2 protein chains.
Amino acid sequence: MVQYLSPPLDLSFAALSDATRRGIIDQLGRGDASITSLADKFQMTLTGMKKHIQVLERAGLVVTQKVGRVRTCKLGKRGLKAEAEWIEAHRKLFEARFKALDEIIREMKREGSDDSS
Amino acid sequence: MVQYLSPPLDLSFAALSDATRRGIIDQLGRGDASITSLADKFQMTLTGMKKHIQVLERAGLVVTQKVGRVRTCKLGKRGLKAEAEWIEAHRKLFEARFKALDEIIREMKREGSDDSS
DNA sequence: TAGATACTGAACTAGATGGTTCAGTATCTA
DNA sequence: TAGATACTGAACCATCTAGTTCAGTATCTA
């Protein structure tokens, strides 16, 4: 996609664009889990779940650690701060835009209704 | 991806996962724009830009209207409310999780340091 | 130490994505 | 009314995605 600014946001929003992965984050919020237990919970092959975990891990949303034969997944410490900030800044931008439009409409109505002349 | 819950979040997070599309939202925050002007600004073919706009439109983040031969793009009224809510709820979930871990670590240190016996 | 369990990696699939070009059609403007 | 402008749509391409199966390897457990 040419523009290489903010690769982390690219990765994390892409990670969040899938309902299964959002579900995994939900689940890890309730407690750490192995890949096998997550695969069971989401009715998917181990390999399929591993791929989802890799996507979340590349985005920094999840970290994993292998102890013995079990790889345990938990929420990443970096959290969703950057994403929350982007969304919040732009939510305000949306609102400001509509406030500006309301202003214009109000202006047009005032002129149209001929109240002031 | 099997799980059909919350398609809107799927679509909007996917729309936001591309730097060009986030740039388009930035731009539309500063004022409405035609597809041609956006294509110029982002150095892309008209057709390429049209596809990005379609992605944003399907996600409800942008609305367009054709007047004469010009299609004007503006920010959608639905804003980023649902996305902000999901992110905020889960940001808290991340934090709660780490608070719980801190608690455990503090507990372990207390037992380990043998201060209390 | 044999068998079960937990993961890993390669290979394959169908379908989406982010772009392009090229050939229209519709609308404006001189 | 001719030419320029603004978009639209089809077709193509390379790459990614979300899944699968199958064949390992490593680690536990009886």
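By convention in this document, chain letters (A, B, ...) are assigned in the order of the sequence lines, proteins followed by strands, and residues within each chain are numbered from 1. Side chains are part of it too, since the values below use all heavy atoms of this structure and drop only hydrogens, waters and symmetry mates. Remember, it's a predicted structure, so these values are computed and weren't measured experimentally.
- What separates NZ of B:Lys50 from P of C:dT17 is a distance of 15 Å, to the nearest Å.
- Listed by chain and number, the residues in a side-chain contact (heavy atoms from CB on, under 4.5 Å) with A:Ala33 are A:Leu28, A:Ser37, A:Leu38 (sequence neighbours excluded).
- Against DNA chain C, the stretch residues 58-66 of chain A makes heavy-atom approaches under 4.0 Å through A:Lys66.
- Applying the salt bridge (charged side-chain N to carboxylate O under 4.0 Å, His left out) criterion to B:Lys92, with sequence neighbours excluded, gives no partner residue.
- Checked by atom type and distance alone, the side chain of B:Arg21 never pairs as donor or acceptor with a backbone atom of B:Leu16 at under 3.5 Å.
- Note: A:Cys73 SG to A:Met49 CE = 8.5 Å, rounded to the nearest 0.5 Å.
- By the salt bridge (charged side-chain N to carboxylate O under 4.0 Å, His left out) test, A:Arg58 is found to be paired with no residue, residues two or more places apart in sequence or in another chain being considered.
- For A:His52, whose side chain is taken as the heavy atoms from C-beta onward, the closest listed nucleotide among C:dG18, D:dA18, C:dT8 is D:dA18.
- As a whole-Å value, the separation of B:Arg71 CZ from D:dT5 C1' is 16 Å.
- Qualifying side chain to side chain donor-acceptor pair (under 3.5 Å) partners for B:Lys77, counting only residues two or more places apart in sequence or in other chains: none.
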What side-chain donor-acceptor pairs closer than 3.5 Å can you find for residues 62-72 of chain A, not counting sequence neighbours?
{"residue": "A:Thr64", "atom": "OG1", "partner": "A:Glu57", "partner atom": "OE2", "Å": "2.9"}
{"residue": "A:Thr64", "atom": "OG1", "partner": "A:Arg71", "partner atom": "NH1", "Å": "2.9"}

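- B:Leu93 is linked by a side-chain contact (heavy atoms from CB on, under 4.5 Å) to A:Leu75, B:His90, counting only residues two or more places apart in sequence or in another chain.
- A:Thr47 is linked by a side-chain contact (heavy atoms from CB on, under 4.5 Å) to A:Thr45, counting only residues two or more places apart in sequence or in another chain.
- Under the rule for a side-chain contact (heavy atoms from CB on, under 4.5 Å), the partners of B:Ala84 that lie at least two apart in sequence or sit in another chain are A:Ile87, A:Glu88, A:Arg91.
- In this structure, the CG atom of A:Asp10 is 10 Å from the P atom of C:dG18, given to the nearest Å.
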What dot-bracket string describes DNA chain D from 5' to 3', counting Watson-Crick and G-U wobble pairs whose defining distances are under 3.5 Å, with [ ] for crossing pairs and | for pairs to another strand?
-> ||||||||||||||||||||||||||||||

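- Remark: B:Lys74 pairs with B:Asp32 by the salt bridge (charged side-chain N to carboxylate O under 4.0 Å, His left out) rule, at least two apart or across chains.
- For the pair A:Phe13 CZ and C:dT17 P, the interatomic distance rounds to 17 Å; values are reported in whole Å.
- Whole-Å rounding puts the A:Gln54 CD to D:dT17 P distance at 12 Å.
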Classify every nucleotide of nucleotides 20-30 of chain C by which part a protein heavy atom approaches to under 4.0 Å, writing B for the base, S for the sugar-phosphate alone and - for neither, in 5'-to-3' order.
-> BBB----BS--

